[in-house]
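Notes to accompany the following structure.
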Amino acid sequence: MLILQTDRDALLKPLQAVIGIVERRHTLPILANILIQNQNGKTTLLATDLEIQIHTEGPPSEAGDFAITTNAKKLHDILRALPDWATVRLEYADNRLTLKAGKSRFNLQTLPAEEFPTMNVAEAVHNRFSLTQEQLKNMLAQVQYSMAVQDIRFYLNGLLMETEGNQLRLIATDSHRLAYISAAIDADLPKSEIILPRKTVLELSKLLNRPDEEVQIELLDNQVRFSCNQTVIVSKIIDGKFPDYNRVIPLDNDKIFLIGRTALLGALERSAILANEKFRGVRLQIAPGVLRVSCSNNEQEEAQEELEIAYQGSELETAFNISYLMDVLRNSQSEDVQLAFGDAKRPTLATLPDNPDFKYIVMPILI
């Protein structure tokens with residue numbers, strides 16, 4: 001039975017929107033599959049790992065109602081390997097899905113669609129707002145690199161989304177550094193806090209590819225729903241208490257100067273070549289008119305850089321994980337960054353002169 005005939009890209013693009021959450025190794029083999037179904041002439045593709053669920057519109061079909069599941073990665077890889085101009089035919093018979101394109105033919109195994117597990121999506125919407133995809137994508141880009149990775153404190157393996165009045169705030173921390181961004185939105189919202197899982201944040205960032213179009217965000221019972229580009233992500237939220245980020249933002253650091261972002265990033269990237277591979281430490285020496293950057297390693301190798309700065313305060317020497325400093329510089333677009341230091345044991349605050357709603361705090365280290 002012919003179930004779908006379409007251009008290769010018309011099937012590949014919606015598949016790429018959902019495949020990111022598909023687990024290759026899972027206790028439930030069917031979770032390696034994607035659910036393709038057609039109801040009333042509308043085709044949808046759905047994938048889930050039982051924590052996150054993504055569904056999107058696929059190319060139209062005239063085959064009538066159907067529902068099949070097949071291996072998502074294999075289908076994706078086959079479509080990617082076909083020529084851009086290929087016409088794809090999907091046929092289903094005897095529990096097998098056959099993909100034909102020109103003289104190419106691929107037989108794929110299927111599993112029963114009725115066994116495909118889908119998340120129970122909460123009905124009650126407690127909060128709803130929207131903003132442009134460009135605005136949300138930029139906000140995520142400026143904080144998501146600070147999320148922890150597989151930390152035993154599970155609430156750090158995600159990102160805090162906080163709403164209050166017309167403010168949307170995103171905060172991420174791994175306890176060694178913290179990134180904060182806020183923005184005004186066209187809404188009047190009650191105060192609420194949710195922690196988005198890391199995987200949800202990364203998949204959402206990929207989806208936000210139409211800058212001028214809006215993304216709608218809905219807070220449900222222990223879930224959050226994002227809708228844009230004919231695609232819907234439903235995700236569970238992390239049940240935990242996020243740290244009080246206001247307590248760690250230093251307000252009285254008095255050694256302050258502006259520096260060119262690309263100049264500082266270049267100095268750090270060059271110095272990082274000779275940094276200790278395990279500790280990744282970099283020394284910063286601040287003196288009137290100059291910032292000295294230095295790294296060394298166990299082979300007695302050393303890198304030194306000097307940058308001119310408009311600073312006339314007292315001298316200071318401190319040290320940081322060099323990767324944490326490069327992260328904030330790489331994920332910002334401003335020409336300059338302002339650095340505010342206290343003493344060698346206090347966290348440093350980085351801000352952007354052209355974006356007062358952004359803050360980045362990094363803890364010093366001993367080297």
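Atom set for the values below is all heavy atoms of this structure, side chains included, hydrogens, waters and symmetry mates excluded.
- With respect to Arg330 and Glu269, a salt bridge is recorded, a charged nitrogen being found less than 4.0 Å from a carboxylate O.
- The neighbour count for Glu62 CD, taken as heavy atoms of other residues, nucleotides or ligands under 6.0 Å away, does not exceed 12.
- Using a 4.0 Å cut-off between charged nitrogen and carboxylate oxygen, Glu134 and Lys137 do not count as a salt-bridge pair.
- When all heavy atoms are compared, the tightest approach of Leu168 to Met161 is CD1-CG, 3.7 Å.
- The two residues Ser205 and Leu140 make their nearest non-hydrogen contact at OG-CD1, 3.6 Å.
- In this structure, Phe66 and Ile36 have side chains that are in contact, with non-hydrogen atoms separated by less than 4.5 Å.
- With a 4.5 Å cut-off on side-chain heavy atoms, Phe226 and Thr200 count as touching.
- For Asn246, the CG atom counts as densely surrounded, since its 6.0 Å shell holds more than 12 non-hydrogen atoms of other residues, nucleotides or ligands.
- A donor-acceptor pair is defined here as one N or O able to donate and one able to accept, closer than 3.5 Å; no such pair exists between the side chain of Asn276 and the backbone of Ser296.
- Across Ile34, Leu46, Leu111, Leu28, a single residue satisfies side chain to side chain contact (heavy atoms under 4.5 Å, CB included) together with Phe116, and that is Leu46.
- Although no hydrogens or angles enter the test, the distance criterion places no donor-acceptor pair under 3.5 Å between the side chain of Glu57 and the main chain of Gln230.
- Across Glu317, Glu302, Glu305, a single residue satisfies salt bridge (Lys or Arg N to Asp or Glu O under 4.0 Å) together with Arg283, and that is Glu317.
- No side-chain donor-acceptor contact under 3.5 Å links Asn95 and Thr110.
- Residue-environment remark: CG (Asp77) exceeds the threshold of 12 foreign heavy atoms within 6.0 Å.
- One hydrophobic cluster, built from ILVMFWY side chains closer than 4.5 Å, holds both Leu11 and Tyr92.
- Salt-bridge annotation for Arg153 and Asp151: present, with a side-chain N of the basic residue lying under 4.0 Å from a carboxylate O of the acidic one.
- Rounding to the nearest 0.5 Å places CD of Gln133 at 6.0 Å from CD of Glu213.
- Of all non-hydrogen atoms in Phe358 and Thr351, the two that sit nearest each other are O-CG2, 3.8 Å.
- Residue Lys255 places its NZ atom among more than 12 non-hydrogen atoms of other residues, nucleotides or ligands, all under 6.0 Å distant.
- Atom OG in Ser235 sits 12.5 Å away from atom CZ in Arg225 (nearest 0.5 Å).
- The shortest side-chain heavy-atom distance between Ser227 and Val232 falls under the 4.5 Å cut-off.
- Leu220 and Ala122 make their closest contact through CD1-O, 3.7 Å (heavy atoms, listed as atom of the first residue, atom of the second, distance).
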**Study point:** From CA spacing to verdict: salt bridge (Lys or Arg N to Asp or Glu O under 4.0 Å), Asp252, Arg346
**Key:** CA-CA 11 Å; Asp252 53 357; Arg346 298 192 61 189; 2.7 Å; yes
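- With a 6.0 Å radius and a threshold of 12 heavy atoms from other residues, nucleotides or ligands, Asn120 has its CG atom at or below the threshold.
- In the hydrophobic clustering, Leu160 connects to Phe154, Tyr155, Leu156, Ile171, Leu178, Tyr180, Ile195, Ile238, Phe242, Tyr245, Val248, Ile249, Leu251, Leu349, Ile361, either directly or through intervening members, whenever side-chain heavy atoms lie under 4.5 Å apart.
- No single ILVMFWY cluster, assembled from side-chain heavy atoms under 4.5 Å apart, contains both Leu4 and Leu35.
- Counting non-hydrogen atoms of other residues, nucleotides and ligands closer than 6.0 Å to CG of Asp94 gives a total of 12 or fewer.
- Separation of atoms NZ (Lys74) and CD (Gln109) is listed at 9.0 Å; rounding is to 0.5 Å.
- Between Arg198 and Gln150, the closest side-chain pair of non-hydrogen atoms is not below 4.5 Å.
- Tracing side-chain contacts under 4.5 Å through hydrophobic residues (I, L, V, M, F, W, Y), one never reaches Leu31 starting from Ile54; they form parts of separate clusters.
- Expressed to the nearest 0.5 Å, how far CD1 of Ile217 lies from CG of Leu204 amounts to 7.5 Å.
- Following chains of ILVMFWY side-chain contacts shorter than 4.5 Å, one can reach Phe129 starting from Leu196, so the two form part of one hydrophobic cluster.
- Side-chain contact between Gln142 and Asn355: present, with at least one pair of heavy atoms (C-beta onward) separated by less than 4.5 Å.
- Tyr360 and Tyr145 have tilted rings, their planes meeting at an angle from 30° to 60° on a 0 to 90° scale.
- Remark: Lys241 NZ to Asp244 CG distance equals 7.5 Å, nearest 0.5 Å.
- A heavy-atom distance below 4.5 Å is not found between the side chains of Glu203 and Leu207.
- Within a 6.0 Å sphere centred on NZ of Lys199, other residues, nucleotides and ligands contribute more than 12 heavy atoms.
- The cluster map of Ile, Leu, Val, Met, Phe, Trp and Tyr, joined by side-chain heavy atoms under 4.5 Å apart, puts Val290 and Val337 in different clusters.
- Residues Thr98 and Asn107 bring a donor and an acceptor atom of their side chains to less than 3.5 Å of each other.
- Between Asn138 and Gln333, the closest side-chain pair of non-hydrogen atoms is not below 4.5 Å.
- Looking at heavy atoms from C-beta onward, Gln144 lies in side-chain contact with Met147 at the 4.5 angstrom threshold.
- For the residue pair Leu208 and Cys228, the shortest heavy atom distance occurs at CD2-SG, 4.1 Å.
- Distance CD/Gln16 to NE2/His76: 4.0 Å, rounded to 0.5 Å.
- Contact between Met139 and Ser182 at its shortest, heavy atoms only, is CE-C, 4.1 Å.
- In the model, Asn229 has a side-chain atom that pairs as donor or acceptor with a side-chain atom of Asn209 under 3.5 Å.
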